[in-house]
Trainee: 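The structure follows.
Just so you know, residue 1 is the first one in the sequence shown, and it goes up from there.
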Amino acid sequence: MSAPAAKVSKKEVNSNHDGADETSEKEQQEAIEHIDEVQNEIDRLNEQASEEILKVEQKYNKLRQPFFQKRSELIAKIPNFWVTTFVNHPQVSALLGEEDEEALHYLTRVEVTEFEDIKSGYRIDFYFDENPYFENKVLSKEFHLNESGDPSSKSTEIKWKAGKDLTKRSSQTQNKASRKRQHEEPESFFTWFTDHSDAGADELGEVIKDDIWPNPLQYYLVPDMEDEEAEGEEEDDDDEEEEGLEDIDEEGDEDEGEGEDDDDEDEEGEEAEV
């Protein structure tokens with residue numbers, strides 16, 4: 001007889017399992033270290049890419065300037081270009097009261113200037129004609145990012161004419177855009193020039209710089225929604241009128257056909273009598 005198979009104790013099984021766990025943990029630790037090394041290389045390349053992208057942006061920012069200047073000269077030939085553009089922009093129009101809109105009718109030019117290194121900030125300039133609201137010819141707001149990454153902003157002090165300070169009027173009459181959205185009357189657009197509470201998340205500044213300034217024409221050309229609705233109603237009325245005329249014509253044709261049939265029957269009857 002052959003000797004019985006040796007039994008493996010639980011202790012031995014656990015010992016083998018612990019050894020496998022130790023090997024597995026060691027491999028995992030080595031993998032983590034290698035992943036960290038690879039990730040460092042990826043981060044290094046990302047930093048390098050950011051530097052290269054910044055250089056390209058700086059280059060093309062200079063190349064764009066003559067075209068921005070030419071565009072501003074052409075825009076100056078179009079009355080109320082900028083107030084129309086702002087009213088047509090959904091985010092900006094939400095900040096406009098009726099008197100804000102009236103004041104912006106005197107706005108003749110808007111300029112966005114990124115600082116030469118681009119990463120340290122930008123400035124937005126608003127140029128106004130003589131107006132009944134304030135003395136300033138130019139209102140500006142600047143956004144800065146220092147070397148430690150802390151954002152800050154500063155702006156022109158608005159020299160309001162007597163009784164015309166729109167930032168102190170708590171209840172301006174709602175404008176058309178506000179009525180459409182049925183929102184409560186917003187604070188004055190011009191309070192933006194005095195608000196420096198969160199320069200790193202200035203939504204209006206970012207919208208003007210990144211959305212409106214690159215292509216303001218797209219917002220100037222947005223059709224007014226009320227005009228579109230009126231045109232749609234007129235088209236519906238025209239369609240209904242055309243359908244009504246078609247029905248009348250069809251009824252007329254049917255009547256004429258019945259009349260012709262009656263005439264034919266009368267003629268046949270006369271022939272039979274002859």
Trainee: Taking the side chain as C-beta and beyond, is there a heavy-atom pair between Trp192 and Asp202 under 4.5 Å?
Mentor: yes

Trainee: Have Ser153 and His196 got a donor and an acceptor in their side chains that come within less than 3.5 Å?
Mentor: yes

Trainee: Using a 4.5 Å cut-off on heavy atoms from C-beta on, say whether the side chain of Arg109 contacts that of Ile75.
Mentor: no

Trainee: Any idea which heavy atoms bring Asn80 and Thr84 closest together, and the distance?
Mentor: O-OG1, 2.7 Å

Trainee: When clusters are formed by joining ILVMFWY residues with side-chain heavy atoms under 4.5 Å apart, either directly or through shared neighbours, do Tyr133 and Ile158 land in the same one?
Mentor: yes

Trainee: So if you build clusters from Ile, Leu, Val, Met, Phe, Trp, Tyr with side-chain heavy-atom gaps below 4.5 Å, do Phe193 and Leu204 land together?
Mentor: yes

Trainee: Walk me through it: do Glu102 and Lys164 pass the test salt bridge (Lys or Arg N to Asp or Glu O under 4.0 Å)?
Mentor: CA-CA 12 Å; Glu102 288 298 322; Lys164 293 294 186 178; over 6 Å; no

Trainee: Report whether Tyr106 and Phe134 are members of the same hydrophobic cluster (ILVMFWY, side-chain heavy atoms less than 4.5 Å apart, transitive linking).
Mentor: yes

Trainee: Looking only at heavy atoms, what is the nearest atom pair of Thr194 and Ser155, with distance?
Mentor: N-OG, 4.4 Å

Trainee: Do Trp160 and Phe190 make the cut of ring centroids closer than 6.0 angstrom?
Mentor: yes

Trainee: Counting only heavy atoms not in Glu206 (residues, nucleotides, ligands), do more than 12 fall under 6.0 Å from its CD?
Mentor: yes

Trainee: Compare all side-chain heavy atoms of Gln48 with those of Leu45 and state whether any distance is below 4.5 angstrom.
Mentor: yes

Trainee: Is the closest side-chain heavy-atom distance between Glu52 and Lys55 below 4.5 Å?
Mentor: yes

Trainee: Gln58 side chain to Asp117 main-chain N or O, any donor-acceptor pair under 3.5 Å?
Mentor: yes

Trainee: Connecting only ILVMFWY residues whose side-chain heavy atoms lie within less than 4.5 Å of each other, what is the rest of Leu63's hydrophobic cluster?
Mentor: Val56, Tyr60

Trainee: Give the intermediate values and the outcome of salt bridge (Lys or Arg N to Asp or Glu O under 4.0 Å) for residues Glu57 and Arg64.
Mentor: CA-CA 10 Å; Glu57 274 296 320; Arg64 284 191 287 260; 3.4 Å; yes

Trainee: Tell me, please, whether Trp213 has Arg123 positioned over its six-membered ring: NZ or CZ under 6.0 Å from the ring centre and within 45 degrees of its axis?
Mentor: no

Trainee: Rounded to the nearest 0.5 Å, what separates atom OH in Tyr127 from atom CG in Leu107?
Mentor: 11.0 Å

Trainee: Could you go step by step and tell me if Glu47 and Arg44 meet the salt bridge (Lys or Arg N to Asp or Glu O under 4.0 Å) rule?
Mentor: CA-CA 5 Å; Glu47 289 178 9; Arg44 184 182 64 79; over 6 Å; no

Trainee: Drop me the distance from Asp129's CG to Lys137's NZ, to the nearest 0.5 angstrom.
Mentor: 7.0 Å

Trainee: Could you tell me which residues satisfy ring-ring contact (aromatic ring centres under 6.0 Å, His included) with Phe86, sequence neighbours excluded, listed by chain and number?
Mentor: none

Trainee: Quick one: closest heavy-atom pair of Ala199 and Ser152, and the distance?
Mentor: CB-C, 3.5 Å

Trainee: Drop me the distance from Ile208's CD1 to His89's NE2, to the nearest 0.5 angstrom.
Mentor: 9.0 Å

Trainee: If you count every heavy atom of other residues, nucleotides or ligands that lies below 6.0 Å from Lys161 atom NZ, does the total exceed 12?
Mentor: yes

Trainee: Do Tyr219 and Val92 touch side chain to side chain, with heavy atoms closer than 4.5 Å?
Mentor: no

Trainee: Mind checking whether Val138 and Phe115 sit in one hydrophobic cluster, side chains of I, L, V, M, F, W, Y counted as touching below 4.5 Å?
Mentor: no

Trainee: Is the number of heavy atoms from other residues, nucleotides or ligands under 6.0 Å of Glu203 CD greater than 12?
Mentor: no

Trainee: Between Glu101 and Val83, what is the shortest heavy-atom contact and its length?
Mentor: O-CG2, 3.7 Å

Trainee: To the nearest 0.5 Å, what is the distance between CG on Asn215 and OH on Tyr220?
Mentor: 14.0 Å

Trainee: Can you tell me how far apart CG (Leu145) and CD (Glu147) are? Round to the nearest 0.5 Å.
Mentor: 10.5 Å

Trainee: Donor-acceptor pair, Asn40 side chain versus Asp36 backbone, under 3.5 Å?
Mentor: yes

Trainee: Testing the basics here: between Pro214 and Pro216, what is the closest heavy-atom pair and its distance to 0.1 Å?
Mentor: C-CD, 4.0 Å

Trainee: To the nearest 0.5 angstrom, please state how far the OG1 atom of Thr191 sits from the CG atom of Leu95.
Mentor: 8.0 Å

Trainee: Starting from Phe81, can I reach Leu221 by hopping between I/L/V/M/F/W/Y residues whose side chains sit under 4.5 Å apart?
Mentor: yes

Trainee: Give a yes or no on whether the backbone of Leu104 and the side-chain of Asn131 come within a donor-acceptor separation of less than 3.5 Å.
Mentor: no

Trainee: Mark yes or no for whether Asn146, through its side chain, and Asp150, through its backbone, hold a donor-acceptor pair below 3.5 Å.
Mentor: yes

